[in-house]
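See structure below.
Because only heavy atoms are used, hydrogens play no part in the values below, and waters and symmetry mates are left out as well, while side chains stay in. For ligands, and for the atoms within them, numbers begin at 1 and follow the listed sequence.
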Amino acid sequence: MLVEGAILDIDGPRPAYSRFRNGRLVETGALGTDSTRGRDRKVRGIVIPSPVNSHTHLGDAVSVREPPHEPVSRLVKPPHGYKFRLLAESSDAAKRRAIRSSLQRMVREGIAATVDFREEGRPGVELFRRAAQKIPLRTVILGRPTARPVDPVELARILSITDGIGLSSARDEAKGDREVIARACHRVGKRYALHASEAVRERPEDFLDPRPDLVVHLAKASTDDLRTVRDADVSVVVCPRSNALFGRQPDLATMERLGLQVLLGTDNAMFHAPSIWRELEFAYVSTRLRRRPVSAAFLARSVLVEPWRWLGNPERARIAPGTPARPLILRLPPQDPAYQVVTRMTEHLIVRGSPRDTASSEE
Ligand SMILES: [Zn+2]
């Protein structure tokens, strides 16, 4: 198959052709220079690396009703907020089914990886792992110990089966516990992450000490706070739909201007479907609505490029023969590729027979 149009990847957008044989990318180049001599099936479109959803709580998908209209601090506050009561009251089988169907939906949407904050201690992580069995999507799980003060034995047992730890926030956790957790994560080469400045502003000197590998939200951060986060070289995940539900918006325009490393996530699955395409469109439109616009290129990078860098696999964001990227072929006009991907993409536009379609497991 010959895709004529554009490539959008770690090197930016460019007019190009991409040639696939047996589901593998074998050739790319300037339009009109391919070697097929008209023999291959032709598709007009854009080729991109598979995106990443950089922040989910898929266990929350067990919720099947409209959540109460309460402040987010009350809804998702551990251990007795609405969300945690719901998780505690739901059976393991129901949670497993909910997580599995969310992951299957993400696969249909072409997502290659998700970074999930999994609560409920080691059993919560085990439940997720069972739900994710044989699903061709990389699940990066950041677990959460239940005992406070932190029990080093529980922490070690969680870290042995996760990619790291994801905490509620610096406000909800004693500094001593955060230090124990960050140290334990880094000792075994795993990641320590937490939410920050979601409902109220928190001081960077609090949430950046100990230094996290990732902070989520920063909806209430000042420009100075954002500068501090950038200078600390800490990546940020923003979740604009989740924030909007509670009347907030991360200052994406300033994040772009200052050059922060920004990733995009869909947050609690009880509030929003884990669709990165819907998140992208909302992120773009909502910044225009507030007259604080960001570029489509910045948002495209937040799902196609920055997460792969954060995961230590930048080559997965490069469309070229021989890279580990799993290209998606999108039936979209190739002009302004980032704008097309950010504002118009739905799963129906993925060309079936894309390499992503035939991938059966994550290496
Ligand atoms: Zn979250």
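The Zn ion (ligand 1) has no N, O or S atom of His217 under 2.8 Å away, backbone or side chain. Residue side and main chain included, Cys239 places no N/O/S atom under 2.8 Å of the Zn ion (ligand 1).
Remark: Arg157 CZ is loosely packed, at most 12 non-hydrogen atoms of other residues, nucleotides or ligands lying under 6.0 Å away. Summarising the local packing, CZ of Arg291 is surrounded by 12 or fewer heavy atoms from other residues, nucleotides or ligands at distances under 6.0 Å. Applying the 6.0 Å contact sphere to CZ of Arg201 captures more than 12 heavy atoms from other residues, nucleotides or ligands.
Judged by a 6.0 Å distance limit and a 45° cone about the ring axis, Arg191 is positioned over the six-membered ring of Trp310.
Of the angles at the Zn ion (ligand 1), the one spanning NE2 of His195 and OD1 of Asp267 is 160° when given to 10°.
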